[in-house]
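Worksheet for the structure shown next.
What you see is a predicted model, and the numbers here were worked out from it, not measured in a lab. Atoms within a ligand are numbered from 1 in the order they appear, just like the ligands themselves.
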Amino acid sequence: MSEPLQSVLRLDHVTKSFGPVTVIDDVSVDVVPGRVRVLLGENGAGKSTLIKMMSGIYHPDSGSVIIDGHPAELPDVKAAEVQGIAVIHQELNLVPQLSVAENIMLGRTPSRGGLVQWRPLRRRAEAALERIGLNVSPEKLVGELSSAHQQLVEIARALSTDARVLILDEPTAALTRRESRQLFSVMDDLKARGVAMVFISHHLDEIPRVGDDVTVLRDGVAVGEVPADTPEPELVRLMVGRDIEDQFPRHRSEPGEVLLEVEGLTRRGDFDNISFEVRAGEVLGLSGLVGAGRSEVVRAIFGADPYDSGTVRVRGEKLPRGSVGAAISRGVGQVPEERKSQGLVLAGSVADNIGYATLRSTSRAGLVDRRGQRQRAAEVAEKLHIRMAGLDQAVGDLSGGNQQKAVLGRWVLAGSSVLLLDEPTRGVDVGAKVEIYQLINRVTDSGGAVVMVSSELPEVLGMSDRIAVMANGRLTGIVEADSATEDSVMTLAVKSLD
Ligand SMILES: Nc1ncnc2c1ncn2[C@@H]1O[C@H](COP(=O)(O)OP(=O)(O)OP(=O)(O)O)[C@@H](O)[C@H]1O
Ligand SMILES: [Mg+2]
């Protein structure tokens, strides 16, 4: 038997409440050099809250933080950094107006005599980018990068601090499989060098790949500690307390009339001559690699961004270009990729955020029917199992996955007949995913049409009726989901049309 490894960081019997709600109840977790501790649990189980206590953001109400075997205080983030604890948070923390290099070196910018030294700044940033295999210019503004690339910059920043504890809160949620694999090999490397890590992900297949030990949380309580190679169904059972029979419960039905018709949609440099139809009762998956132009197309259809030429028709009627208001009033709804910047009013309550899209339909004689709206918001929150203290809680305080459910809930409540979903289950736990799929079924069962952008191939194959595939801004094919395979979709996704 080898010596038990000493943990570098331990949360010892910690408890944390917000107001009357206890979100972490007497939990202990050890983080050991050269090992990856996985935190597993449903949306709102308390994973992010735990890591915030490891990094000086939240402080336990009782229990203690132990570093190198000694009780320690982490009054703030700086104190955690001094201890060598680096965190990649679930929501990105980059400054969009600064360059990639400045973001990577934020707070550690090399300077002499009060002047920033650009050359060493660039060099260190380049080294950090190279390490994770990210090929972007260090001078580029972060705000101009895709969300996947922003996530990679965030990771590069954490890695460049030479941390001895690295905490990764859903780092792969916005990454493609290839980018995730790259991250995992960096993690292997850090492991070999004795870095202790904490890893959170809703992709259960990643757990045996990178993890060693798993702590399962349910409603703020640690319900189990198991090895990372525990079979998936067992992990699911521990985490949600039941089996999940059918991960993709798609109801397929005979499609009806054409609800959404996109013809020759073009925006120079972004997408070119995109045409497709979606019928009542149908889910059209929109697949492709990150950067293929899928989100851009969907945003243009919704009116959130302009386009140069082409037409969008809803029920045969032309939608004016660039008018979200017109789209909404014709029953089009959109769940954006970036819920934080595009989807939610974070300071607003859950009730207001869910109710927001329905202001029109719930007003009576020009007056907003607040009571009715609240009632319906409550129903949606209940159906989606949105975990919250109450309808008046600020949406910004919900866990990441629950925020996602709130954005979706809004459009379901609005009774959208054409729903545009961009990565609808990103950051959503396995149980809640099924609930979101049921909602998609509800929309199509009641005669709606859905366009679903998704980078998860099993989800696209499992939930679509047809799959449109994009590569480099163009449509490379539309296939029936029944006969498609991951390989056939990928082949179209990497196809070049030149
Ligand atoms: N500042 C806060 N004020 C009030 N409640 C909060 C606050 N921060 C977190 N909570 C609540 O604590 C609970 C746990 O949230 P946490 O973010 O830790 O969940 P999570 O396990 O990370 O979920 P997800 O998988 O969705 O990211 C949630 O119910 C959340 O609403
Ligand atoms: Mg979280």
Side-chain angles (χ1 to χ4, degrees), residues 11 14-27 29 37-61 77 87-93 151 154 167-174 198-204 206-207 214-224 235-236 238-241 338-340 343-344 346-351 353-354 381-382 384-409 423-436:
L11 292 179
V14 294
T15 293
K16 178 77 192 166
S17 303
F18 293 104
V21 187
T22 300
V23 299
I24 292 293
D25 191 2
D26 192 23
V27 172
V29 193
R37 160 76 52 187
V38 176
L39 299 180
L40 185 66
E42 291 181 281
N43 297 129
K47 305 177 295 293
S48 296
T49 304
L50 270 188
I51 63 126
K52 285 175 184 166
M53 289 193 273
M54 295 177 178
S55 52
I57 297 171
Y58 290 161
H59 311 288
D61 299 333
V77 178
V87 190
I88 296 162
H89 286 288
Q90 186 169 6
E91 308 293 345
L92 296 173
N93 285 293
Q151 179 73 64
E154 181 106 9
I167 301 175
L168 306 105
D169 194 350
E170 295 194 36
T172 59
V198 179
F199 179 79
I200 299 176
S201 175
H202 288 293
H203 298 156
L204 300 185
E206 296 174 353
I207 293 173
V214 183
T215 299
V216 186
L217 292 169
R218 204 189 299 162
D219 282 332
V221 177
V223 292
L235 291 176
V236 170
L238 274 170
M239 133 186 198
V240 304
E338 310 252 3
R339 59 175 175 256
K340 196 174 175 182
L344 293 165
L346 292 175
S349 69
V350 175
N353 270 280
I354 295 181
E382 154 105 40
L384 281 177
H385 303 288
I386 295 180
R387 203 165 299 204
M388 55 182 180
L391 279 174
D392 297 314
Q393 187 175 9
V395 152
D397 287 342
L398 293 185
S399 77
N402 282 297
Q403 292 185 14
Q404 184 68 11
K405 291 195 240 172
V407 188
L408 195 81
E423 306 286 359
T425 63
R426 176 176 291 172
V428 168
D429 71 54
V430 282
K433 266 185 192 161
V434 177
E435 285 154 16
I436 285 180

Q) Between CD of Gln404 and OG1 of Thr425, what distance do you get to the nearest 0.5 Å? A) 8.0 Å
Q.
Going by salt bridge (charged side-chain N to carboxylate O under 4.0 Å, His left out), Glu42 matches just one of Lys47, Arg387, Lys405. Which one?
A. Arg387
Q: Could you tell me which atoms of ligand 1, counted from 1 in the order shown, lie closer than 4.0 angstrom to a heavy atom of His202?
A: 25 (O)
(Q) Starting from atom 29 (O) of ligand 1, what is the nearest protein heavy atom, named by residue and atom, and what distance separates them? (A) Gly44 O, 4.1 Å
Q) Should you measure from each heavy atom of Asn43, which atoms of ligand 1 turn up under 4.0 Å away? A) 23 (O), 24 (P), 25 (O), 26 (O)
Q | Polar atom proximity, Gly46 to ligand 1 (N or O, under 3.5 Å) | A | yes
Q: Check if Gln404 has a non-hydrogen atom at a distance under 4.0 Å from any atom of ligand 1.
A: no
(Q) How far is atom 1 (N) of ligand 1 from the closest protein heavy atom, and which atom is that? (A) Tyr58 OH, 3.2 Å
Q | Val23 contact mode with ligand 1 (heavy-atom cut-off under 4.0 Å) | A | side chain
**Q.** For ligand 1, the portion of Met388 having any non-hydrogen atom under 4.0 Å away
**A.** neither
Q) Can any side-chain N or O of Ser399 pair as donor or acceptor with the backbone N or O of Gly44 at less than 3.5 Å? A) yes
Q: May I ask you to decide if Ser17's main-chain N or O and Thr22's side chain share a donor-acceptor pair within less than 3.5 Å?
A: no
Q: Pull out every atom of ligand 1 sitting under 4.0 Å from any heavy atom of Glu170, numbered as shown with elements.
A: 25 (O), 27 (O)
Q.
With heavy-atom distances below 4.0 Å as the criterion, list the atoms of ligand 1 near Ser48.
A. 17 (O), 18 (O), 20 (P), 22 (O)
Q | From Leu40 atom CG to Leu238 atom CG, the distance as rounded to the nearest 0.5 Å | A | 8.0 Å
Q: Looking only at protein heavy atoms, identify the closest one to atom 27 (O) of ligand 1 and say how far it is in Å.
A: Gln90 NE2, 2.9 Å
Q) For ligand 1, which atoms, with element, lie under 4.0 Å from some heavy atom of Ala45? A) 19 (O), 21 (O)
Q. Which protein non-hydrogen atom lies closest to atom 16 (P) of ligand 1, naming both residue and atom, and how far is it?
A. Thr49 OG1, 3.5 Å
Q: Please report which non-hydrogen protein atom sits nearest to atom 10 (N) of ligand 1, along with the residue it belongs to and the distance in Å to one decimal place.
A: Asp397 O, 3.5 Å
**Q.** Gln393 neighbourhood, listing ligand 1 atoms whose heavy-atom distance to it stays under 4.0 Å
**A.** 4 (C), 5 (N), 31 (O)
Q: Could you tell me the separation between the OG1 atom of Thr215 and the CG atom of Leu11, rounded to the nearest 0.5 Å?
A: 10.0 Å
**Q.** Between CD on residue Gln393 and CD1 on residue Ile386, distance to nearest 0.5 Å
**A.** 11.0 Å
Q.
Regarding ligand 1, does Leu398 bring an N or O atom to under 3.5 Å of one of the ligand's N or O atoms?
A. no
Q) Which atoms form the tightest heavy-atom contact between Ile200 and Pro171, and what is the distance? A) O-CD, 3.4 Å
Q | Which atom of Ser55 lies closest to which atom of Val87, heavy atoms considered | A | CB-CG2, 3.3 Å
Q) Distance-only, no hydrogens or angles: does the Asn43 side chain make a donor-acceptor pair with backbone N or O of Asp429 under 3.5 Å? A) yes
Q. Is it the side chain, the backbone, both or neither of Lys52 that has a heavy atom closer than 4.0 Å to ligand 1?
A. neither
Q.
Any N/O/S atom, side chain or main chain, of Ser48 closer to the Mg ion (ligand 2) than 2.8 Å?
A. yes
Q) What is the minimum heavy-atom distance between Ser349 and Asp392, and which atoms define it? A) CB-O, 3.7 Å
Q. Would one find an N or O of Gly427, backbone or side chain, under 3.5 Å from an N or O of ligand 1?
A. no
Q) Are any of the N or O atoms of Arg387 closer than 3.5 Å to those of ligand 1? A) no
Q.
I'd like to know if the side chain of Glu170 and the backbone of His202 have a donor-acceptor N/O pair within less than 3.5 Å.
A. no
Q. At a 4.0 Å cut-off, with the gap strictly under it, does some heavy atom of Glu42 reach an atom of ligand 1?
A. yes
**Q.** Value rounded to 0.5 Å, distance of CD1 in Ile167 from CZ in Phe199
**A.** 13.5 Å
